[in-house]
Amino acid sequence: MVGREKELRIRFAPGRCELVEEDVDVPSRRVLITGATGLLGRAVFKEFNENNWNTVGCGYRRAQPRFEHINLLDSIAVHDIIHDFQPHVIVHCAAERRPDVVEGQPDAASQLNVAASANLAKEAAGVRAFLIYISTDYVFDGTSPPYKETDVPNPLNLYGKTKLEGEKAVLENNEDTAVLRIPVLYGEVERLEESAVTVMFDKVQFSNKSANMDHWQQRFPTNVKDVAAVCRQLAEKRMLDPSIKGTFHWSGNEQMTKYEMACAIADAFNLPSSHLRPITDSPVVGALRPKNAQLDCSKLEMLGIGQRTPFRAGIRESLWPFLVDKRWRQTVFH
């Protein structure tokens, strides 16, 4: 469904240009995306925007000019944008998601991951918006996978603890909430450091230097496009069925250590991998990580919701702009 709105457009004619008012189609379904400048938020914004949703994204440091500049810790600003836009759905992607940063800045991380999420849930309830809160597989300790939504969380690090507290806060403040737990993400990054998966690419490419890679923690790399599709499908199902709420899991289904991901990346670009060294000991520096926090996704699958991009295809699409050897790029993509 679409509505009609007036929009000012510039019309060019020979020797002059004039400002005219034209009717434009505006989708009637409204969605607000927080963290729209981030890796996941960009994909979620694009997915809704390209599928007949009136989509508004908000961000902080990198927001303007494309997105609304909103500090989620400013409760008045949050209230104003939600009450002005009146979204049917809010997808809350904004978070401090780097475990080692959370350990070093616990108060700031708690403010964003817990307090801001609780306030967003209250404001969403005020306009009867369906809230999708993005959470993490790190709410589990990784000792007995795969994990269903009903399994008891036991986070090992402060990041997992703040996200679990955020889950509880949004569910307490807005019963019309879906918590969507997801694992490590990758996708079309603006810089390699945006993802714990893509950041390995330089170590893979520069094969003149050996590189130690973790071969202990079991991960399930998941494409942000797939998570975005799940968010949209969940929102659209919710528009038809108000019983859609509660906790859900989504994940890629290819189990890999970082070493195995790095080898798969090398294979995807026909690069050598003999310089990559698997390290099978558990890491001794940084925040504790769960060994295997595999998520059971059958609840969403039974609802007919889901999308999975094969890792090699997804990682090739994500990383080829960062390929140093331009000859390979020319032969494969042209």
Side-chain angles (χ1 to χ4, degrees), residues 35 37-46 61-62 93 95-101 136-138 159 182-229 251-283 285-287 289 292-293 307-334:
T37 57
L39 175 61
L40 176 59
R42 294 194 303 270
V44 172
F45 181 91
K46 187 168 188 260
R61 282 188 297 273
R62 296 175 285 170
C93 300
E96 178 47 75
R97 56 173 183 76
R98 297 164 295 179
D100 295 332
V101 172
T136 173
D137 58 344
Y138 273 28
Y159 165 65
I182 53 176
V184 65
L185 300 176
Y186 73 94
E188 293 180 17
V189 292
E190 292 179 347
R191 58 189 195 286
L192 292 174
E193 300 76 35
E194 252 193 321
S195 157
V197 179
T198 59
V199 74
M200 297 187 284
F201 195 34
D202 281 346
K203 285 185 177 178
V204 172
Q205 289 195 85
F206 300 118
S207 55
N208 58 336
K209 188 178 177 184
S210 65
N212 293 341
M213 311 298 293
D214 176 59
H215 194 43
W216 174 80
Q217 189 184 18
Q218 304 296 317
R219 309 302 301 271
F220 292 81
T222 301
N223 196 311
V224 290
K225 286 184 179 178
D226 298 341
V227 177
S251 170
N253 58 2
E254 295 171 79
Q255 180 173 330
M256 300 179 190
T257 63
K258 279 196 172 181
Y259 168 73
E260 288 166 333
M261 283 185 235
C263 290
I265 292 169
D267 182 58
F269 289 95
N270 296 321
L271 296 169
S273 60
S274 56
H275 65 295
L276 304 172
R277 291 181 177 171
I279 304 298
T280 54
D281 300 330
S282 62
V285 294
R289 264 75 165 173
N292 184 351
Q307 174 178 302
R308 287 191 177 99
T309 302
F311 181 71
R312 277 172 177 76
I315 204 67
R316 194 160 49 225
E317 180 182 52
S318 304
L319 287 178
W320 76 265
F322 298 91
L323 187 68
V324 171
D325 188 345
K326 301 297 189 291
R327 291 168 302 173
W328 190 94
R329 194 190 300 189
Q330 288 167 352
T331 56
V332 173
F333 289 96
H334 296 283

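Within the 4.5 Å cutoff, side-chain heavy atoms of Asp267 are placed close to those of Arg312. Here the side chains of Met261 and Pro221 are in contact, with some heavy-atom distance below 4.5 Å. Lys225 has its side chain within reach of Glu188: a pair of non-hydrogen atoms, C-beta onward, lies under 4.5 Å apart. Between Lys258 and Trp216 the shortest side-chain heavy-atom distance does not fall below 4.5 Å. No side-chain heavy atom of Thr222 sits under 4.5 Å from any side-chain heavy atom of Tyr186.
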**Item:** Chi angles and distances behind the side chain to side chain contact (heavy atoms under 4.5 Å, CB included) call for Leu40, Val227
**Value:** CA-CA 8 Å; Leu40 176 59; Val227 177; 3.7 Å; yes
**Item:** Worked verdict on Tyr159 versus Thr136 for side chain to side chain contact (heavy atoms under 4.5 Å, CB included)
**Value:** CA-CA 9 Å; Tyr159 165 65; Thr136 173; 3.5 Å; yes
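Residue Cys93 holds its SG atom at 7.5 Å from CD1 of Ile182, rounded to the nearest 0.5 Å. Residue His275 holds its NE2 atom at 11.0 Å from CG of Asn212, rounded to the nearest 0.5 Å. The CE atom of Met256 lies 5.0 Å from the CZ atom of Phe311; values are rounded to the nearest 0.5 Å.
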Would you be so kind as to tabulate the donor-acceptor pairs closer than 3.5 Å made by side chains of residues 197-208, with sequence neighbours excluded?
residue, atom, partner, partner atom, Å
Thr198, OG1, Leu192, O, 2.7
Thr198, OG1, Ser195, O, 3.4
Gln205, OE1, Val324, N, 2.7
Gln205, NE2, Phe322, O, 3.1

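Residues satisfying the ring-ring contact (aromatic ring centres under 6.0 Å, His included) test with Tyr259, not counting sequence neighbours, are His215. Remark: Asp137 engages Pro183, Ala293, Leu295 in a side chain to side chain contact (heavy atoms under 4.5 Å, CB included) (not counting sequence neighbours).
For Pro272 against Ala266, the heavy-atom pair with the smallest separation is O-CB, 3.8 Å. A pairwise comparison of heavy atoms in Asn253 and Phe220 identifies C-CD2, 4.3 Å as the closest pair. For the residue pair Met213 and Ala262, the shortest heavy atom distance occurs at CE-CB, 3.8 Å.
Put simply, the side chain of Ser273 never gets that close to the backbone of Leu276: no donor and acceptor are under 3.5 Å apart. A distance-only check finds a donor-acceptor pair linking the side chain of Asp226 to the backbone of Thr309 [under 3.5 Å]. In this structure, the side chain of Arg308 engages the main chain of Ser251 through a donor-acceptor pair within 3.5 Å. Not a single donor-acceptor pair under 3.5 Å links the side chain of Glu317 to the backbone N or O of Gly314.
A salt bridge between Glu254 and Arg219 is absent, with no side-chain N of the basic residue lying under 4.0 Å from a carboxylate O of the acidic one. In summary, Arg42 and Glu190 engage in a salt bridge, as defined by a charged side-chain N under 4.0 Å from a carboxylate O.
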